[in-house]
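Structure first, then comments.
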Amino acid sequence: MATASPHDMHECVRSDAALTRAFRILGKRWSAVVLGSLRSGPAGFRELSRAIDGLSDSVLSDRLSELTKEGLIARTVDEGPPVAVSYELTESGKALMPALHQISEWAEEHLLSEGC
């Protein structure tokens, strides 16, 4: 019976830690949906609120703040007048889009449809 080398075990632990960090962010309800809504370009708060059915303004505000803090989206303020705030994916957020697309395809194929 083969046993894992200390190097292999270290790699496994490091990989698990990275996955844990990723799902700490993405596992929060609505986080991935907010990110996906920004894949086509910058959007303002109202735009996002209208685009994501069932998401309250307070939760949207929380997710935007968290995703900004994590470096996945950038918040830009245009002093106007009127003052306008927009959100867009950072390079890190854009790099996540292929993985979110794959998860979406997997869900369509393997999870029971609950309707929209």
Side-chain angles (χ1 to χ4, degrees):
M1 175 184 249
T3 59
S5 72
H7 176 72
D8 291 342
M9 291 177 67
H10 177 71
E11 288 299 315
C12 182
V13 168
R14 200 167 77 201
S15 176
D16 287 349
L19 195 56
T20 298
R21 285 193 322 272
F23 276 97
R24 179 180 45 80
I25 299 163
L26 298 174
K28 287 190 176 178
R29 190 166 187 204
W30 301 109
S31 291
V33 176
V34 170
L35 289 166
S37 295
L38 291 169
R39 74 181 168 273
S40 59
F45 187 92
R46 280 289 134 230
E47 218 177 327
L48 290 168
S49 181
R50 284 190 294 268
I52 306 171
D53 190 37
L55 176 60
S56 71
D57 284 353
S58 64
V59 174
L60 175 58
S61 179
D62 288 347
R63 292 305 170 267
L64 289 169
S65 294
E66 291 165 357
L67 294 168
T68 299
K69 180 182 171 195
E70 295 294 342
L72 296 173
I73 62 174
R75 180 180 187 268
T76 304
V77 178
D78 178 9
E79 296 300 329
V83 173
V85 177
S86 65
Y87 299 89
E88 65 183 310
L89 295 173
T90 62
E91 289 305 312
S92 291
K94 290 175 186 174
L96 184 57
M97 290 302 103
L100 288 182
H101 180 72
Q102 286 183 320
I103 291 169
S104 178
E105 286 182 341
W106 173 85
E108 286 179 20
E109 186 175 330
H110 296 284
L111 299 179
L112 296 175
S113 175
E114 296 179 16
C116 289

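Reckoned from all heavy atoms, side chains included, excluding hydrogens, waters and symmetry mates. For the single chain, residues carry numbers from 1 onward in sequence order.
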Taking distance alone, no hydrogens or angles, what donor-acceptor pairs closer than 3.5 Å link side-chain atoms of residues 24-47 to residues at least two apart or in another chain?
unit_1: R24; atom_1: NH1; unit_2: E70; atom_2: OE2; d: 3.3
unit_1: K28; atom_1: NZ; unit_2: E66; atom_2: OE2; d: 3.2
unit_1: S31; atom_1: OG; unit_2: I25; atom_2: O; d: 3.3
unit_1: S31; atom_1: OG; unit_2: K28; atom_2: O; d: 3.4
unit_1: S37; atom_1: OG; unit_2: V33; atom_2: O; d: 2.9
unit_1: R39; atom_1: NH1; unit_2: G36; atom_2: O; d: 2.5
unit_1: R46; atom_1: NH1; unit_2: S49; atom_2: OG; d: 3.4
unit_1: R46; atom_1: NH1; unit_2: D57; atom_2: OD2; d: 3.3
unit_1: R46; atom_1: NH2; unit_2: D57; atom_2: OD2; d: 2.9
unit_1: E47; atom_1: OE1; unit_2: G44; atom_2: N; d: 3.2

OG-CG distance between S65 and L60, expressed to the nearest 0.5 angstrom = 9.0 Å
When hydrophobic residues are tied together by side-chain contacts of less than 4.5 Å, even through go-betweens, does L67 share a cluster with M97?
-> yes
Nearest-0.5 Å distance that lies between atom OG1 in T90 and atom CG in L72 | 5.5 Å
Minimum-distance pair of heavy atoms, taken over all atoms of G71 and S92 | O-CB, 3.8 Å
Verify the cluster assignment for L96 and L19: are they in a single hydrophobic cluster under the rule of side-chain heavy atoms below 4.5 Å apart?
-> no
side-chain hydrogen bond (donor to acceptor under 3.5 Å, both in side chains) involving E91 - partner list, sequence neighbours excluded | none
Are side-chain heavy atoms of L64 and R75 found at a separation under 4.5 Å?
-> no
Single-linkage hydrophobic cluster, 4.5 Å side-chain cutoff, V59 and V85 together = yes
